[in-house]
Amino acid sequence: MGTRAGGRRTGPKCIAIVGPFASGKTTLLEAILARTGAIPRQNPVSSGSTVSDHSPEARAHAMSVEATIATTEFMGEQITFVDCPGSIEFSFEAEPVLAACDLAVVVAEADEKKIPALQLIMRKLDDLGVPRILFLNKVDKAIAGVRDTLKMLQPASSVPLLLRQIPLRKDGVVIGSIDLALERAYVYREYAESQVADIPSDDKARELEARFSMLETLADHDDELMEQLLEEIEPPKDAIFDDLAADLRAGAVTPVLIGTAEKGNGVLRLLKAIRHDAPDVEATRKRLGAPDGNQTVVQVMKTIHTAHGGKLSVSRVLSGQVADAAELFLSNGEAAKVSGIYKMLGKDQSKLTSAKAGDTVALGKLDNVKTGQTLSSVKG
């Protein structure tokens, strides 16, 4: 990693999964949880047994009707994913969730009928200042080429859609992807890690053209890279990854990764991009204007009423630490006492003794606290 991005951001992250209705958000979350070992296998949405669609309402509608929180681990780091409903009727769920997330994964597909919905989502992310990655789903079923699809989708985005991968095809069928930054091919395997391969000679010219286009876009914010391209000097890979991370965090570009969530394809590359490129809770805290210092600050993202556990306030710890039975204060000075801290995996909860900065947890029985409110360990 070079100097523009300032290195990889470690620590717990919170990632929203958003996109138009039926674009594959729930399927992507299921694939992520299976790949990271949070669940034993990836269940299809049609089974009615996915982590996201656990409520009777979701199963009755055969779609997500509320934001679902699921925390997992990837390469030793904790990531909480929030699957936000795609249907416009339930979009009110998304805003308080998105505000406290470090990054959004926008799930889209090559369907021009969904562009108006995609545009609304992108504008909301712009308004909130949330960086994003676009996951171009269902590439195995797309008729149009990826670059033609990006031309179709670009009007929905206020910043350049930056293609990071192109499909690897055999006899016209998508069998994998070519990573333009790594200059490496990956052959898909269903529900398993892709197999690394050399870029076929027939695809080399196509890869070089797409890679140069990616580098040209990155050079808009990096004078040194621009000089290297003009002088036909191959830029170091570390510098390219640095630019990719810096431009994503600044919201200057929206990187585009490809895959087929239904088969678990492209999920590992997406997870690695999140781990290496996503901002952390410090950037989110600054974006929300939360106070600096050693005090504990908590943002409430969603309120859940459970049959047995009562009220749960799904919250992002922006700074400090929260212990069970801790006393926190609303901005008006009103006190709220935490009664239980839980890690969420859909409808399942596991009890914790405390939560630290970056964690996304459910806090029990904050009866006087509403979604969107901020709590602090300092009164007033």
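The main-chain N or O of Leu257 is never found under 3.5 Å from a side-chain atom of Arg269 such that the two would form a donor-acceptor pair. Between the side chain of Arg184 and the backbone N or O of Asp198 there is no donor-acceptor pair closer than 3.5 Å. Distance alone, capped at 3.5 Å, places no donor-acceptor pair between the Asp359 side chain and the Arg316 backbone. Listed for the Thr284 side chain is no donor-acceptor partner under 3.5 Å among the backbone atoms of Ala100. Here the side chain of Lys365 pairs no donor or acceptor atom with the backbone of Ala336 at under 3.5 angstrom. With hydrogens and angles disregarded, a donor-acceptor distance shorter than 3.5 Å links the side chain of Arg287 to the backbone of Ala99. Using modelled atom types, no side-chain atom of Arg169 and backbone atom of Ile175 make a donor-acceptor pair closer than 3.5 Å. When atom types are taken as modelled, the side chain of Gln373 and the backbone of Lys370 share a donor-acceptor pair closer than 3.5 angstrom. In this structure, the side chain of Thr260 does not engage the main chain of Glu262 through any donor-acceptor pair within 3.5 Å. Without hydrogens or angle criteria, Gln119 side chain to Pro155 main chain gives a donor-acceptor distance under 3.5 Å.
Using a 4.0 Å cut-off between charged side-chain N and carboxylate O, Lys286 and Glu282 make a salt bridge. Between Lys302 and Glu66 there is a salt bridge, since a side-chain N of the basic residue sits under 4.0 Å from a carboxylate O of the acidic one. Salt-bridge formation is not detected for the pair Asp367/Lys311: no Lys NZ or Arg NE/NH1/NH2 atom is positioned less than 4.0 Å from an Asp or Glu carboxylate oxygen. Comment: Glu109 engages Lys138 in a salt bridge, judged by a side-chain N to carboxylate O separation of less than 4.0 angstrom.
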Residues Ile304, Val314; criterion side-chain contact (heavy atoms from CB on, under 4.5 Å); working and verdict: CA-CA 7 Å; Ile304 302 170; Val314 178; 3.6 Å; yes
Full working for side-chain contact (heavy atoms from CB on, under 4.5 Å) between Cys84 and Ile17: CA-CA 6 Å; Cys84 297; Ile17 301 179; over 6 Å; no
Pair Val106-Leu125, side-chain contact (heavy atoms from CB on, under 4.5 Å): steps then yes or no: CA-CA 10 Å; Val106 182; Leu125 294 172; 3.7 Å; yes
Worked check of side-chain contact (heavy atoms from CB on, under 4.5 Å) between Tyr186 and Gln165: CA-CA 10 Å; Tyr186 294 87; Gln165 297 171 311; 5.7 Å; no
Salt bridge (charged side-chain N to carboxylate O under 4.0 Å, His left out) between Arg132 and Asp126, worked out: CA-CA 10 Å; Arg132 73 224 59 160; Asp126 283 341; 2.9 Å; yes
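The closest side-chain heavy-atom distance from Glu73 to Ile79 is not below 4.5 Å. With a 4.5 Å cut-off on side-chain heavy atoms, Leu328 and Lys337 do not count as touching. In this structure, Leu363 and Ile341 have side chains that are in contact, with non-hydrogen atoms separated by less than 4.5 Å. Within the 4.5 Å cutoff, no side-chain heavy atoms of Leu312 are placed close to those of Thr303. Side-chain contact between Val107 and Val18 is absent, with no heavy-atom pair separated by less than 4.5 Å. Asp148 is not listed as a side-chain neighbour of Met152, based on a closest heavy-atom distance of 4.5 Å or more. Side chains of Leu150 and Leu136 form a contact here, defined as non-hydrogen atoms less than 4.5 Å apart. Looking only at side-chain heavy atoms (C-beta outward), Ser177 and Leu168 stay at 4.5 Å or farther from each other.
For the side chain to side chain contact (heavy atoms under 4.5 Å, CB included) with Met301, the lone residue among Thr360, Leu98, Thr371 that qualifies is Thr360. The only member of Leu270, Asn265, Leu271 that meets side chain to side chain contact (heavy atoms under 4.5 Å, CB included) when paired with Val267 is Leu271. The one candidate from Arg8, Arg164, Arg9, Lys13 that meets the salt bridge (Lys or Arg N to Asp or Glu O under 4.0 Å) condition with Asp277 is Arg164.
We find the CG-OG1 distance between Asn43 and Thr50 to be 7.5 Å, quoted to the nearest 0.5 Å. Here the straight-line distance linking atom OG of Ser52 with atom CG of Leu28 works out to 10.0 Å at 0.5 Å rounding. The CG atom of Asp111 sits 10.5 Å away from the OG1 atom of Thr149 when rounded to the nearest 0.5 Å. Interatomic distance, OG1 of Thr296 versus CG of Leu318, reported as 10.5 Å (0.5 Å rounding). For the atom pair NZ of Lys343 and OG1 of Thr80, the computed distance is 8.5 Å after rounding to the nearest 0.5 Å. From Tyr342, atom OH reaches atom OG of Ser313 across 12.0 Å, with rounding to the nearest 0.5 Å.
Taking every heavy atom of both residues into account, Val139 and Val174 meet most closely at O-CG2, 3.6 Å. Residues Cys101 and Val130 come closest through the heavy atom pair O-CG1, 4.4 Å. Across Gln42 and Tyr191, no two heavy atoms sit closer than the pair OE1-CD2, 3.6 Å. Residues Arg41 and Glu30 approach most closely at O-OE2, 4.1 Å, considering heavy atoms. Taking each heavy atom of Ala31 and Ala261 in turn, the nearest pair found is CB-O, 3.7 Å. Residue Val51 comes nearest to Ala70 through the heavy atom pair CG1-CB, 4.4 Å, listed as atom of the first residue, atom of the second, then distance.
Counted within 6.0 Å of NZ on Lys237, heavy atoms from surrounding residues, nucleotides or ligands total more than 12; the atom is thus considered enclosed. Atom CD1 of Ile143 sits in a sparse spot, with 12 or fewer heavy atoms from other residues, nucleotides or ligands closer than 6.0 Å. The neighbour count for Glu112 CD, taken as heavy atoms of other residues, nucleotides or ligands under 6.0 Å away, does not exceed 12. Other residues, nucleotides and ligands contribute only 12 or fewer heavy atoms inside 6.0 Å of the CG atom of Asn294.
Cluster annotation: Leu134 is connected to Ile115 through the hydrophobic network of ILVMFWY side chains, with a link wherever side-chain heavy atoms come within less than 4.5 Å. In terms of hydrophobic clustering, with Ile, Leu, Val, Met, Phe, Trp and Tyr side chains grouped at heavy-atom distances under 4.5 Å, Leu103 and Phe74 are assigned to a common cluster. A continuous path of ILVMFWY side-chain contacts below 4.5 Å connects Leu244 to Ile258, so both sit in one hydrophobic cluster.
Between the side chains of Ser376 and Gln295, at least one donor N or O lies within less than 3.5 Å of an accepting N or O. Side-chain contact check for Thr68 and Asp83: no donor-acceptor pair (N or O, by modelled atom type) lies under 3.5 Å.
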Show me the side-chain donor-acceptor pairs of residues 199-222 shorter than 3.5 Å, one per line, residues at least two apart or across chains.
residue, atom, partner, partner atom, Å
Asp203, OD1, Arg206, NH2, 3.0
Arg206, NH1, Pro167, O, 3.3
Arg206, NH2, Pro167, O, 2.8
Arg211, NE, Leu180, O, 2.9
Arg211, NH1, Glu234, OE2, 2.9
Arg211, NH2, Glu234, OE2, 3.1
Thr217, OG1, Ser213, O, 3.2
Asp222, OD1, Glu224, N, 3.0
Asp222, OD1, Leu225, N, 3.1

